[in-house]
Each structure stands twice: as C-alpha cells, then as structure tokens.
Number of protein chains: 2
Amino acid sequence: MRGKPTMNEVAREAKVSLGTVSKVLNGDATVAAERRERVLAACDRLNYQRNQIAASLRRRHTHTIGIIIPDILNTFYAALVEKLENLASAAGYTVIIVTTGEDPQRTQARIGVLKQRQVDGMIVIPSLDSSGLLATAVGDDMPCVIIDRIAANDPYPSVATDNVDAAYQGTRHLLSLGHRHIALAVNTPRLWNTQERIIGFEQAMREAQAKADLRIVGMTVEEAQLSISSLFREPDRPTALFTANNLVTLGAVRAQIDSGLKIPDEISLLAFDDFEWLKLLQPAISAIQQPVDQIAVEAWRLMFHQLSKRSIAAPHIRAAAQLIIRGSTVGYVGAGRKVVAL
Amino acid sequence: MRGKPTMNEVAREAKVSLGTVSKVLNGDATVAAERRERVLAACDRLNYQRNQIAASLRRRHTHTIGIIIPDILNTFYAALVEKLENLASAAGYTVIIVTTGEDPQRTQARIGVLKQRQVDGMIVIPSLDSSGLLATAVGDDMPCVIIDRIAANDPYPSVATDNVDAAYQGTRHLLSLGHRHIALAVNTPRLWNTQERIIGFEQAMREAQAKADLRIVGMTVEEAQLSISSLFREPDRPTALFTANNLVTLGAVRAQIDSGLKIPDEISLLAFDDFEWLKLLQPAISAIQQPVDQIAVEAWRLMFHQLSKRSIAAPHIRAAAQLIIRGSTVGYVGAGRKVVAL
DNA sequence: CTGAAAGCGCTTACAG
DNA sequence: CTGAAAGCGCTTACAG
C-alpha cells in the first residue's frame with residue numbers, strides 16, 4: 001500500500017465506475033447486490049478510507065460543528081463539551097472546540113477560523129463583552145445556538161439554566177435557615193447569566209425583607225479570594241454567603257481557609273455550580289447544580305433542527321437547576337453569632 | 001451579500017485573475033503592489049473568507065491535528081489539551097479533540113474519523129489496552145506523538161513525566177517522615193505509566209527495606225473508594241498512602257472521610273497529580289505535580305518537526321515532576337499510632 | 001441499474 | 001509579473 005488509495009483506485013479494483021463506488025459508500029440502494037459486494041470487497045482489500053475533505057467540498061457541508069467556550073479547564077464548560085461531543089458524534093458530526101479566554105478579539109478570530117473551516121454550525125458560550133460582535137462575526141446564514149450566557153438581544157436560539165429561579169430558590173433556602181443578612185458574590189454584572197442570578201437573589205431577599213448584600217468580586221479566583229477575604233473581615237459581615245459561580249466559590253473557600261471562619265457556624269456557604277470536590281470538603285458545601293446534560297441535549301436538538309432546516313418551536317429554553325443541601329448550610333439559629341460574641 | 005463570495009468573485013471585483021488573488025492571499029511576493037492593493041480591497045469589500053476545505057483538498061494537507069485523550073473531564077488531560085490548543089493555534093493549526101473513554105473499539109473508530117478528516121498528525125494518549133492496535137490504526141505515514149501513557153513498543157516519538165523518578169522521590173519523602181509501611185494505590189498495572197510508578201515506589205521501599213504494600217484499586221473513583229475503604233479497615237493498615245493518580249486520590253479522600261481517619265495523624269496521604277482542590281482540603285494534600293506545560297511544549301515540538309519533515313534528535317522525552325509538600329505529609333513520629341492506641 | 005462528465009473552490013506548475 | 005489551465009478526490013444530476 002503506497003499512499004492513500006482513492007475512490008478511483010477502488011473503482012478499478014472492483015471493475016465498476018467511480019460513481020458506483022460513491023453510491024455504495026453512501027448507501028444508495030440503486031446498486032445491484034453483486035456489484036455492491038465487489039465494491040465493499042475492494043475497499044476492504046485496499047483498506048480504503050474516504051477523503052472527507054473532498055466529499056465536503058463537493059457536498060458543500062462538512063458535518064463539523066464548532067464549539068466556542070471561554071475555557072476548557074472550567075469543569076462546567078468541560079462537562080458541557082463532553083456531552084455535546086457525544087451527541088454530535090452519535091449523529092455523525094465531529095466537533096471543533098475553540099476557547100476564547102474571555103477575550104473578544106480572540107473570540108472574533110476563532111469564529112473566523114471556524115468559518116474558514118466551513119463548519120456547518122456553531123454552539124457558543126459568548127465571551128465577556130462579545131455579544132455585540134457575535135451576530136456580525138457569526139453571520140446570519142450560519143446555524144448557531146447560544147448556551148449558558150444569553151443576552152437579551154441574541155438573534156439565535158438559546159438554552160440556559162433558569163438562573164433567576166435557581167438563585168431565588170437558593171436564597172429562599174438560606175432564608176429558611178434564619179439568615180437575615182446574606183451576601184451574593186458575583187463575578188461581574190456585565191454577564192447576563194450573572195445578572196439573572198442577581199435578580200433571583202434580590203427578589204427573594206426583597207420578599208423576605210432581608211438585607212441583600214451584593215458583592216462584585218471579579219472574574220478570577222484570585223480576585224474573588226481577595227475580595228471575599230476582606231468581606232469576611234468586616235465587623236458587620238453577613239451570616240451566609242451565596243457564591244454565584246464556580247470560580248467565585250473557589251475564591252470563597254480559599255478566603256474561608258485564610259480567615260479561619262467556621263462553616264456553617266460562623267458563615268454558611270452556598271455555591272452556584274456543583275462539583276465533585278465540594279463534597280470532599282468538611283463540611284461539604286451545599287450547591288445549586290446546573291442541568292448540564294439537559295442543556296447539552298437541548299442545545300444539540302436546536303442545532304440539529306437548524307442543520308436539517310426543520311423549524312424550531314421554542315427557540316429559547318430554560319432548564320431548572322437543583323438545590324443540593326449539604327453540611328455548609330444547616331442549623332443556623334438566627335442570632336447565634338451574637339450570642340457567641342457575648 | 002448573497003451566499004459566500006468565492007475567490008473567483010474577488011478576482012472579478014479586483015479585475016485580476018483567480019491565480020493572482022490566490023497568490024496575494026498566500027503571501028506570494030511576486031505580485032505588483034498596485035494589484036495586491038486592489039485584491040485586498042476587493043476582499044474587504046466582499047467580506048471574503050477563504051474556503052479552507054478547497055485549499056486543503058488541493059494542497060493535500062489540512063493544517064489540522066487530532067488529539068486523542070481518554071476523557072476531557074479529567075483535569076490532567078484538559079490541562080494538556082488547553083496548552084496544546086494554544087500552541088497549535090499559534091502555529092496556524094487547528095485541533096480536533098476526540099475522547100476514547102478507555103474503550104479500544106471507540107479509540108479505533110475515532111482514529112478512523114480523524115484519518116478521514118485528513119488530519120496532518122495525531123497527538124495521542126493511548127486508551128487502556130489499545131497500544132496493540134495503535135500502530136495499525138494510525139498507520140505509518142501519519143505523524144504521531146504519544147504522550148503520558150507510553151508503551152515500550154510504541155513506534156512513535158513520545159513525551160511523558162519521568163514516572164519512575166517521580167514515584168521514587170515521593171516514596172523517599174514518605175520514608176523520610178519515618179513511615180515503614182506504605183501503600184501505593186494504583187488503577188491498573190496494565191498501564192505503562194502506572195507500571196513505572198510502581199517501579200519507582202518499589203525501588204525506594206526496597207532500598208529502605210520497608211514494607212511495600214501495592215494495591216490495585218481499579219479505574220474509577222467508585223472502585224478506588226471501595227477498595228481503599230477496606231484497606232483503611234485492615235487492622236495492620238499502612239501509616240501512609242501514596243495514590244498513583246488523580247482518580248485514585250479522589251477515591252482515597254472519599255474513603256478517608258468515610259473512615260474518619262485523621263490526616264496526617266492516623267494516615268499520611270501523598271497524591272500523584274496535583275489539583276487546585278487538594279490545596280483546599282484540611283489539611284491540604286501533598287502532591288507530585290506533573291510538568292504539564294513542558295509535556296505539551298515538547299509534544300508540540302515533536303509534532304511540528306514531523307510536520308516539517310525535520311529530523312528529531314531525541315524522540316523519547318521524560319520530564320521531571322515536582323514534589324509539593326503540604327499538611328497531609330508532616331510530622332509522623334514513627335510508631336506514633338501504636339502509642340495512641342494504648 | 002450504470003457510467004461519463006461536470007463541478008465543488010481552491011493551488012500550482014507552466015507558458016508567455 | 002500575469003493568466004489560462006489542470007487537478008486535488010469526491011458527489012450528483014443526467015443520459016442511456
């Protein structure tokens with residue numbers, strides 16, 4: 001075997017025409033059984049592998065989907081990607097993953113390479129501040145679905161957690177424990193999903209007439225750690241902290257270790273986003289678990305419908321999150337901290 | 001703008017020939033400055049994006065690299081991928097990531113799709129039991145580099161942590177604390193990197209004439225947890241546990257929580273593979289940190305040399321790991337446990 | 001049911 | 001320095 005065999009060589013080997021080989025490889029039923037066998041045997045003998053690039057050029061689609069995420073090291077995105085890859089793969093699609101690092105420039109550049117590679121569609125988690133250029137960068141003849149970070153004016157179908165409700169339920173849980181002063185630590189209100197979490201939080205606090213303490217702590221773990229450390233040092237600090245995403249949670253746990261504050265006695269902690277290691281901490285950290293599988297499934301469905309030019313009934317999907325109660329949010333007894341302080 | 005503009009349309013717009021457009025877009029210097037400008041302006045006006053599929057078909061390479069890993073949710077692999085993606089991207093390559101889930105069948109299938117997609121090369125972490133079919137699946141005209149899980153008979157260049165030395169150093173550290181009975185918990189000796197870690201461990205133990213206690217605990221966190229839980233219940237259990245990879249570490253920490261054993265007083269813990277959350281546990285867990293960045297850099301270099309048909313001087317690279325000492329491995333005082341038991 | 005031929009959108013000798 | 005033409009390896013009307 002010298003070089004890769006072409007379809008032409010298979011045709012010669014099987015003593016049929018090039019078009020016939022193509023047809024049997026594409027499952028066209030109009031080929032006589034006997035010739036089909038000859039073709040299959042020839043493919044086998046030559047160890048033939050079809051050149052998808054040539055097929056793609058001719059067919060004018062590549063069976064490739066671009067996935068655009070901020071960062072593959074964030075396990076929330078990694079979980080989404082893993083699920084999407086399986087879904088796509090099962091449907092005969094392959095996936096190209098690119099990361100933006102929250103950089104609008106890089107986002108635009110990566111979208112460009114995806115378009116040059118002629119992806120059939122894109123599934124994107126917009127990077128910070130990129131929602132403006134998204135529509136022009138992606139274009140309007142490109143099937144696209146937005147996940148997780150949805151903006152009000154996105155022209156594409158979308159699927160995300162019902163953030164307002166999730167934050168509302170989480171806050172209600174904290175309130176039910178007797179907390180009256182709760183801080184919500186968020187990365188930045190410039191992200192729509194964060195804004196929604198703020199809305200849910202503030203609504204629950206307003207209804208309970210409790211003190212809503214909103215803290216903007218930054219996009220990185222280090223920034224969050226610093227900011228939350230100083231929050232913990234405030235004389236009138238909250239009795240419960242609700243962290244609005246996984247990076248902030250990481251910062252909060254670090255800050256808690258620095259401060260020596262006891263969980264849940266001195267500070268209750270509730271995390272948005274659930275992870276394996278939250279269960280390993282002592283006490284384990286309560287969390288809002290986002291419906292990652294469901295988001296991936298719906299996103300793929302939305303994508304697949306667009307690829308097949310089928311119409312989409314409900315193009316904006318919100319999936320319910322789940323509150324998981326662990327040791328970090330139990331047994332707060334109201335003014336317990338003050339009693340201890342006496 | 002209707003449909004995507006082709007290079008032909010750009011040529012017409014710029015009033016030059018098709019070949020001239022191709023030349024300026026490919027940086028060919030033999031085009032008069034004035035015509036070059038016209039072409040660039042036309043590209044701009046039409047918002048032209050080159051069709052890479054067509055270019056790839058003609059050029060007979062795609063500037064695409066396949067990356068084959070067991071699992072994207074494992075942060076060790078994710079970190080490798082992230083680094084490799086950046087390196088490749090900087091060199092004008094795009095990357096297709098596929099996962100094997102440790103399944104040889106799936107590995108073979110995924111390699112097949114990568115070949116059909118005409119990737120220029122593959123960087124692979126072989127899945128369990130796949131090293132036999134790897135050479136035949138990949139073929140010998142495909143540039144390939146193996147990382148992390150190297151087998152003795154791999155015909156490709158490779159880069160990995162110096163596992164023997166890393167395990168040796170880790171074991172020496174435990175011995176220096178006074179431990180005489182140490183268990184090494186491994187996933188499976190069918191993996192070459194695991195075998196190497198066993199060798200380093202056993203060598204250090206032999207030299208110290210201490211009791212080497214090798215435990216095979218399985219590939220999943222759940223299996224490891226079960227197996228280590230029962231280890232912890234043995235009357236004559238070891239005073240230190242060395243976990244040979246990150247999944248086993250996860251199982252060990254779960255088992256430790258179940259057992260209520262105190263770290264480091266009742267059991268010292270040293271982990272192969274370092275992670276953010278190991279620092280957040282109380283006490284923090286000591287770890288062997290693999291040189292992820294260096295592995296990625298060397299792997300890319302090896303790949304790039306093959307792509308450019310340059311010769312490779314040292315095709316089998318071993319990079320040194322680093323021992324990071326934290327609270328889980330301090331102050332063991334020899335027979336301390338027995339004293340407490342009196 | 002079968003094969004000859006056109007064409008997908010580029011790159012690349014080649015002749016001028 | 002420029003353009004006309006061949007060709008990358010397929011798929012797909014089309015005529016038979």
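In the text below, chain A, chain B and the rest are named by the order of the sequence lines, each starting its count at 1. Atoms considered below: every heavy atom in the structure, side chains included; atoms not considered: hydrogens, waters and symmetry mates. Bear in mind that the values here come from a model prediction, so they are computed numbers and not experimental data.
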Review point. Below 4.0 angstrom from OP1 or OP2 of C:dG9, is there any side-chain N or O of B:T6?
Key: no

Point to revise | Shortest side-chain distance from A:N51, nucleotide among D:dT2, D:dC8, D:dG9 | key: D:dG9

Review point. Out of D:dC1, C:dC10, D:dG3, which nucleotide sits closest to the side chain of B:V16?
Key: D:dG3

Practice item. Can you figure out which of D:dG3, C:dG9, C:dA6 approaches the side chain of A:R58 most closely? Key: C:dA6

Exercise for review: Could you please name the option among C:dA13, D:dT11, C:dC1 that lies closest to any side-chain atom of A:T30?
Suggested key: C:dC1

Check your understanding: In the structure shown, which nucleotide is the Watson-Crick or G-U wobble counterpart of C:dA4, with both distances under 3.5 Å?
Key -> none

Practice item. Take atom CZ of A:R12 and atom P of C:dG3, then tell me their distance rounded to the nearest Å. Key: 14 Å

Exercise for review: Tell me whether the OP1 or OP2 atom of D:dG9 has a side-chain N or O from B:R60 closer than 4.0 Å.
Suggested key: yes

Would you be so kind as to tabulate the donor-acceptor pairs closer than 3.5 Å made by side chains of residues 105-113 of chain B, with sequence neighbours excluded?
| from | atom 1 | to | atom 2 | distance (Å) |
| --- | --- | --- | --- | --- |
| B:R106 | NE | B:T99 | O | 2.9 |
| B:R106 | NH2 | A:N86 | OD1 | 3.4 |
| B:R106 | NH2 | B:T99 | O | 3.1 |
| B:R106 | NH2 | B:T99 | OG1 | 2.7 |
| B:T107 | OG1 | B:D103 | O | 2.8 |
| B:T107 | OG1 | B:S127 | OG | 2.8 |
| B:R110 | NH1 | A:S89 | OG | 3.2 |
| B:R110 | NH2 | A:S89 | OG | 3.1 |

Review point. For the pair made of CD1 in A:I53 and P in C:dG7, what is the distance, rounded to whole Å?
Key: 23 Å

Exercise for review: Kindly point out which of C:dC1, D:dC8, C:dT12 is positioned nearest to the side chain of B:L57?
Suggested key: D:dC8

Review point. Start at the 5' end of DNA chain D and walk down; is the nucleotide closest to B:V31 or to A:S22 reached first?
Key: B:V31

Review point. Between B:M7 (CE) and C:dC8 (P), how many Å, whole number?
Key: 15 Å

**Study point:** Gap between atoms CG and P, on B:L18 and C:dT12 respectively (whole Å)
**Key:** 13 Å

Review point. For the side chain of B:K4 and the base of C:dG9, is some donor closer than 3.5 Å to an acceptor across the two?
Key: no

Review point. Between A:K23 (NZ) and D:dG9 (P), how many Å, whole number?
Key: 21 Å

Practice item. Enter the distance from B:M303:CE to B:L87:CG here, rounded to the nearest 0.5 Å. Key: 12.0 Å

Point to revise | Residues B:E9 and B:R12 bridged, charged N to O under 4.0 Å | key: no

**Study point:** Residues B:R149 and B:E102 bridged, charged N to O under 4.0 Å
**Key:** yes

Review point. Among C:dG3, C:dG9, C:dT11, which nucleotide sits nearest the side chain of B:R59?
Key: C:dT11

Exercise for review: Please report the shortest heavy-atom distance between B:R117 and A:H63, naming the atom on each side.
Suggested key: NH2-O, 3.1 Å

Exercise for review: Determine: side-chain N/O of A:Y48 to OP1/OP2 of D:dG9, distance under 4.0 Å, yes or no.
Suggested key: no

Check your understanding: Where the side chain of A:S130 meets the backbone of A:P126, is there a donor-acceptor pair that is under 3.5 Å apart?
Key -> no

Check your understanding: Between A:H61 (NE2) and C:dC8 (P), how many Å, whole number?
Key -> 16 Å

Exercise for review: Give the rounded distance in Å between these two atoms: CG of B:N26 and C1' of C:dT12.
Suggested key: 10 Å

Check your understanding: Does D:dT2 have OP1 or OP2 sitting under 4.0 Å from an N or O in the side chain of B:R35?
Key -> yes

Point to revise | Rounded interatomic separation in angstrom, taking CG from A:N8 and C1' from D:dG7 | key: 12 Å

